[in-house]
Asks: 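Okay, here's the structure, questions in a sec.
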Amino acid sequence: MRFSKTLIPTLRETPADAESASHILMLRAGYIRQLAAGLYIYLPLGLRVIEKINKIIREEINAIDGQEISMPVLHPAEVWQATGRWYEIGDEMFRLKDRTGRDMCLGMTHEEIMTWLASREIRSYRELPHIWYQIQTKLRDEARPKSGVLRTREFLMKDSYSFDADEEGLERSYQLHASAYNRIFTRCELKFYMVESDPGMMGGATSHEFMAPSPAGEDEVVLCSSCGYAANIELAISQPGKIEIRDWNFEEVHTPEKRTVEEVSNFLKIAHEYFIKSILLISNNGPVLALVRGDQELQEKKINRIIGEYRPAQKGEVKEILGVEAGFIGPMNHKIRIIADTCLQKGVYVSGANKEQYHAKGIRPGSDFVAEWHDIHIAKEGEFCHKCNAPLRIEKVIEIGNIFKLGTKYSIPLKAFYLDEKGLEKPIIMGSYGIGTARIAAAAIEQNHDRDGIIWPKSIAPFDIEILPLNINDRNTVEIAENLYRDLTEKGMDVLIDDRDERAGVKFKDADLIGIPTHIIIGEKNLKEGLVETKNRKTKEVKKVKVDEVVKLLC
RNA sequence: CGGGGCGUAGCGCAGCCUGGUAGCGCACACGGUUCGGGACCGUGGUGUCGAAGGUUCAAAUCCUUUCGCCCCGACCA
């Protein structure tokens, strides 16, 4: 492709609205333009990257017998009403009416529609299993689009769905996807982890996420480098450091105006981990007291899985329900449900005395209070793996893919049944598997860039080679450049030739910004000796090569 | 949805506090010199100052409302 005939509007200055590296560089290097919050135009270079990624995805999903189909973006409400998600999902779903007043929505995912299709087309166990997928635009009215292409309201996603007769089949489809995903992200040359994740609204029991480490990521994962344990921080289990068991007798201590763990800890000269933090929550089934150790935080997702929907109690409610001001709550002598973090099972602690201006020292779990024991704290860097006891570390990550076992959550309400060998009607067992194409591109940039610009992995770069004829007014330069352009293209390489009448400096700067892996620099002086230069964008290594050996070297 | 910030030329910004009718850099056009890391000199064009309303002799500037965008948080199939 010729630079002079391609829309590659590079920017010298950093756009004010961009913050993350991928956002800044995609704008500056002329890959994308923003239409509105969370809506992006993919310019020629951007589109090429997306297409390269999609090609890899197609090859790998086809290889596990996935069949590509294409589904409408506009959906009738009834299908979503059948599964209840029409009502469960709030403002995140774009809704509209057609001219006859019929309720419609824009597809934010396609479980419903895929299942609807399966319900019509699959009759017998003999037709199973199936994997259907599409690479299609999804629309979600995100509360907060951010970080350029990382979180948008309209985005391209590969979503596949598996249909099996039983759990074993689902497990097989799930593993096929896990291995396909590993190949896809490996081919895209990303650093990534496969981690345990919270199935959340998708229902079902098992799910994993594929996470690309990057400071621009919105999620965090907990990793054990010793045994390989890896989980989303929303559900990661960790063992806090052990503490000594003190021989304190139970006593009430006057702690005037000392409310927070920090304040009482300083006042009594006792470390945070000897405290019990009591947090009052209001669930749909009444108040719940959650207890975590003083040096820990409550993991909201974990408690959510135990008690369902809830909200933190307001100050007035604390006094009303527990009879004491927040800041002096302790776990003793309450009639409400108490859920305590498992690490509190052993030890002797300090907490509120349930009496204004007093804390209690020498609290013994089990005898001074009873509780349900669950892991409800947020895992922290330096805590220990519950499997192998090695120290854990935490990394920020970008979610680039996920796989879910859905079971029958969609097949039952949408009546996707099949007849088994005995003629019994059974619901199809499903899985759903997503990959965000643009997030792969963004993650690749986040993980591979330098001061000068993008450094694309070879597999997803918009072009393989960029030719830089430095002076296009020199006949020899142009001739050699054009010959190389033709020969390399004929060999199947994707080649961009910077045929603009620009100064050499401009071409170098733009080439580095755009980030094509290999540059061929054609300058008059070297040409006089029959040489051109090849430059590796990543290592910056430059080699002088004879003109007629270039093609052989690069193909 | 809560908190914060910003809307002035294509892009990046100054001017606003203390009202007097808009400026700088880059980009763009033309001419000349230059030509291997975002050249230099000269000339030139460019704005409903996000929008609406108000105060005032006079509003980019003060007041009110509203829209948009970014950041933090909440949310996130």
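Predicted model only: the values in this text are computed from it and were never measured. Quick note on labels: first sequence line is chain A, next is B, and so on, each numbered from 1.
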Asks: Regarding A:Asp198 and A:Arg305, does a basic nitrogen lie under 4.0 Å from an acidic carboxylate oxygen?
Replies: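 Here A:Asp198 pairs with A:Arg305 in a salt bridge, since their nearest N and O are under 4.0 Å apart.
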Asks: Can you sort out which residues in residues 536-550 of chain A have a heavy atom within less than 4.0 Å of RNA chain B? Ascending by number, please.
Replies: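 Here the set is empty: none.
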Asks: Measuring only the C1' atom in each nucleotide, how far is B:C67 from B:U34? A whole number of Å is fine.
Replies: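 48 Å, rounded to whole Å.
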Asks: Taking the same atom, C1', in B:G73 and in B:U56, what whole-Å distance lies between them?
Replies: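 The answer is 42 Å between these two C1' atoms.
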Asks: Taking atom types as they are modelled, is there a donor-acceptor pair under 3.5 Å from the base of B:G12 to the side chain of A:Arg28?
Replies: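 Flag unset: no donor-acceptor pair detected.
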Asks: Quick one: the side chain of A:Asp512 and the base of B:G37, do they pair up donor-acceptor inside 3.5 Å?
Replies: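 Counting by modelled atom types and ignoring angles, a donor-acceptor contact under 3.5 Å is found here.
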Asks: Compute the ring centroids of A:Phe163 and A:Trp132, then answer whether they are less than 6.0 Å apart.
Replies: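 Close enough - the centres of the two rings lie under 6.0 Å apart.
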Asks: Please work out which residues in residues 32-45 of chain A have a non-hydrogen atom less than 4.0 Å from an atom of RNA chain B and list them by number.
Replies: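 A:Gln34, A:Ala36, A:Ala37, in order of number.
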Asks: Any base atoms under 4.0 Å from A:Ala16, or only sugar-phosphate, or nothing? Heavy atoms, all strands.
Replies: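 Sugar-phosphate only.
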Asks: How do A:Glu19 and A:Arg140 order along RNA chain B: which one's closest nucleotide is nearer the 5' end?
Replies: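 Upstream on the strand: A:Glu19.
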Asks: Sticking with atom C1', work out how far B:G10 lies from B:C17, rounded to a whole angstrom.
Replies: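 After rounding to an integer number of Å, I get 30 Å for this pair.
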Asks: Using only modelled atom types and a 3.5 angstrom limit, is any donor from either the side chain of A:Glu13 or the base of B:G25 paired with an acceptor on the other?
Replies: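 Answer is yes: a donor-acceptor pair is held.
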Asks: Would you say a side-chain N or O of A:Arg144 is under 4.0 Å from OP1 or OP2 of B:A74?
Replies: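 Indeed not, no polar side-chain atom of A:Arg144 lies that close.
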Asks: Would you mind pulling out the nucleotide paired to B:C69, Watson-Crick or G-U wobble, both distances under 3.5 Å?
Replies: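 For B:C69, the partner nucleotide comes out as B:G5, under the 3.5 Å rule.
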Asks: Taking pairing as Watson-Crick or G-U wobble with both contacts under 3.5 Å, can you name the mate of B:U21, or confirm there isn't one?
Replies: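 Its partner: none found.
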Asks: If we check side chain to side chain contact (heavy atoms under 4.5 Å, CB included) with A:Leu45, which of these qualifies: A:Ile8, A:Thr10, A:Leu7, A:Thr6?
Replies: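 Of all the options given, the one that passes is A:Ile8.
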Asks: What do you reckon, is NZ of A:Lys538 surrounded by more than 12 foreign heavy atoms closer than 6.0 Å?
Replies: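 Counting neighbours around NZ of A:Lys538, 12 or fewer heavy atoms of other residues, nucleotides or ligands fall under 6.0 Å, so no.
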Asks: How far does the P atom of B:A22 sit from the matching atom of B:U65, given to the nearest Å?
Replies: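 Rounded to whole Å, the distance is 29 Å.
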Asks: So A:Ser20, base contact, sugar-phosphate only, or nothing? Heavy-atom distance under 4.0 Å.
Replies: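 No contact at all - A:Ser20 keeps every heavy atom at 4.0 Å or more from the nucleic acid.
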Asks: Starting from P on B:C75, measure out to OH on A:Tyr310 and report it in whole angstrom.
Replies: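 So the OH-P distance, A:Tyr310 to B:C75, works out to 8 Å.
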Asks: Just how far is it from atom CD1 of A:Ile435 to atom OG of A:Ser160, taken to the nearest 0.5 Å?
Replies: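 The CD1 atom of A:Ile435 sits 7.5 Å away from the OG atom of A:Ser160.
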Asks: Distance under 6.0 Å and angle within 45° of the ring axis: does A:Lys405 meet both against A:Tyr174?
Replies: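 Yes, A:Lys405 sits over the ring of A:Tyr174.
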Asks: For B:C49, give its Watson-Crick or G-U wobble partner with both distances under 3.5 Å, or none.
Replies: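 With both distances under 3.5 Å required, B:C49 matches none.
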Asks: Pick the C1' atom in B:A39 and in B:G19, then give their distance to the nearest Å.
Replies: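 My reading of the C1' atoms in B:A39 and B:G19 gives 43 Å.
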Asks: Between CD1 of A:Ile376 and NZ of A:Lys302, what distance do you get to the nearest 0.5 Å?
Replies: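 Answer for the CD1-NZ pair, A:Ile376 versus A:Lys302, is 9.0 Å.
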Asks: Establish, from distance only, whether the side-chain atoms of A:Glu111 and A:Thr109 form a donor-acceptor pair under 3.5 Å.
Replies: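 Judged by distance alone, the side chains do pair up.
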Asks: Looking only at the side chain of A:Val506 (C-beta and beyond, no hydrogens), which of the listed nucleotides B:G38, B:C75, B:C35 gets closest?
Replies: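 The closest nucleotide is B:G38.
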Asks: Reckon A:Lys507 touches a base, only the sugar-phosphate, or nothing at all at heavy-atom distances under 4.0 Å?
Replies: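 No contact.
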Asks: Give one of base, sugar-phosphate or nothing for A:Leu513, where a contact means two heavy atoms less than 4.0 Å apart.
Replies: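 Result for A:Leu513 = base.
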Asks: Mind checking who B:A74 pairs with, Watson-Crick or G-U wobble, both distances under 3.5 Å?
Replies: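 B:A74 is paired with nothing.
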Asks: Whom does B:C16 pair with, Watson-Crick or G-U wobble, provided both distances fall under 3.5 Å?
Replies: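 B:C16 is paired with nothing.
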Asks: Once you round to the nearest 0.5 Å, how far does CG of A:Leu289 lie from OG of A:Ser278?
Replies: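 Rounded to the nearest 0.5 Å, the CG-OG separation comes out at 5.0 Å.
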Asks: Please determine if a side-chain N or O atom of A:Arg12 lies less than 4.0 Å away from the OP1 or OP2 oxygen of B:G12.
Replies: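 False: A:Arg12 side-chain N/O out of range (4.0 Å or more) of B:G12 OP1/OP2.
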Asks: Name the pairing partner of B:C40, where a pair is Watson-Crick or G-U wobble with both distances under 3.5 Å, or state none.
Replies: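 Matched B:C40 with B:G32 under the 3.5 Å cut-off.
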Asks: With a 4.0 Å cut-off on heavy atoms, is A:Asp17 in touch with a base, just the backbone sugar-phosphate, or nothing at all?
Replies: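 Sugar-phosphate only.
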Asks: Tell me the partner of B:A59, counting only Watson-Crick (N1-N3 plus N6-O4 or O6-N4) or G-U wobble (N1-O2 and O6-N3) with both under 3.5 Å; none if nothing fits.
Replies: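 Check on B:A59: unpaired, no WC or wobble geometry under 3.5 Å.
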Asks: Could you work out the separation of B:C70 and B:G12 based on their P atoms and round it to a whole Å?
Replies: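 After rounding to an integer number of Å, I get 13 Å for this pair.
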Asks: If you draw a 6.0 Å radius around CD in A:Glu533, do more than 12 non-hydrogen atoms from other residues or ligands fall strictly inside?
Replies: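 Yes, the 6.0 Å shell around CD holds more than 12 heavy atoms from other groups.
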Asks: NA contact type, A:Asp159, heavy-atom cut-off 4.0 Å: base, sugar-phosphate, or nothing?
Replies: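 Since no nucleic acid heavy atom lies under 4.0 Å of A:Asp159, the category is nothing.
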Asks: Could you check how far NE2 of A:His23 sits from C1' of B:C71, rounded to whole Å?
Replies: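 Answer to the nearest Å: 12 Å.
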Asks: Above 12 or not: heavy atoms from other molecules or residues under 6.0 Å from CZ of A:Arg475?
Replies: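 12 or below, so no.
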Asks: In residues 442-450 of chain A, which ones come under 4.0 Å of RNA chain B, going by heavy atoms?
Replies: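 Contacting residues: none.
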Asks: On a whole-Å scale, what distance lies between the C1' atoms belonging to B:G15 and B:U21?
Replies: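 Approximately 13 Å lies between the C1' atom of B:G15 and that of B:U21.
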Asks: Identify whether any heavy atom of A:Asn473 sits under 4.0 Å from a base atom; if not, whether one sits that close to sugar-phosphate; answer base, sugar-phosphate or nothing.
Replies: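 Here A:Asn473 touches no strand at all.
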Asks: What nucleotide, of B:G37, B:C35, B:G38, holds the atom closest to the side chain of A:Phe508?
Replies: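 Looking only at heavy atoms from C-beta outward on A:Phe508, the closest nucleotide is B:G37.
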Asks: Taking only the C1' atom of each, what is the distance from B:C6 to B:G38 in whole angstrom?
Replies: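 These two C1' atoms come out 28 Å apart once rounded.
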Asks: What is the distance, rounded to the nearest whole Å, between atom CG of A:Leu11 and atom C1' of B:C13?
Replies: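 The distance from CG of A:Leu11 to C1' of B:C13 comes to 15 Å, rounded to the nearest Å.
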Asks: Are A:His177 and A:Tyr433 close enough that their ring centers fall under 6.0 Å?
Replies: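 Between A:Tyr433 and A:His177, which both carry aromatic rings, the centre distance is below 6.0 Å.
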Asks: Does A:Asp91 have more than 12 heavy atoms from other residues, nucleotides or ligands lying within 6.0 Å of its CG?
Replies: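 Incorrect, the count does not exceed 12.
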Asks: Cation-pi between A:Arg48 and A:Phe463: NZ/CZ under 6.0 Å from ring centre and within 45° of the ring axis?
Replies: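 Judged by the rule (NZ or CZ under 6.0 Å from the ring centre, within 45° of its axis), A:Arg48 counts as positioned above A:Phe463.
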Asks: Nearest to the side chain of A:Pro15 - B:G36, B:G12, B:A74?
Replies: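 In terms of side-chain proximity for A:Pro15, the closest of B:G36, B:G12, B:A74 is B:G12.
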Asks: Applying a 4.0 Å non-hydrogen cut-off, can you work out what A:Asn402 is touching in the nucleic acid: base, sugar-phosphate, or nothing?
Replies: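 Here A:Asn402 touches the bases of the nucleic acid.
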Asks: Of A:Glu502 and A:Gly505, whose nearest nucleotide on RNA chain B comes first from the 5' end?
Replies: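 Looking at RNA chain B, the more 5' nearest nucleotide goes with A:Glu502.
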Asks: Does A:Glu533 reach a base, just sugar-phosphate, or nothing at all? Heavy atoms under 4.0 Å.
Replies: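 Base contact.
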Asks: Find the distance between CD1 (A:Ile56) and CD1 (A:Ile184) and round it off to the nearest 0.5 Å.
Replies: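 Rounded to the nearest 0.5 Å, the CD1-CD1 separation comes to 8.5 Å.
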Asks: Within this structure, what is the NZ-to-C1' distance between A:Lys146 and B:C1, rounded to whole angstrom?
Replies: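 Between C1' of B:C1 and NZ of A:Lys146: 16 Å.
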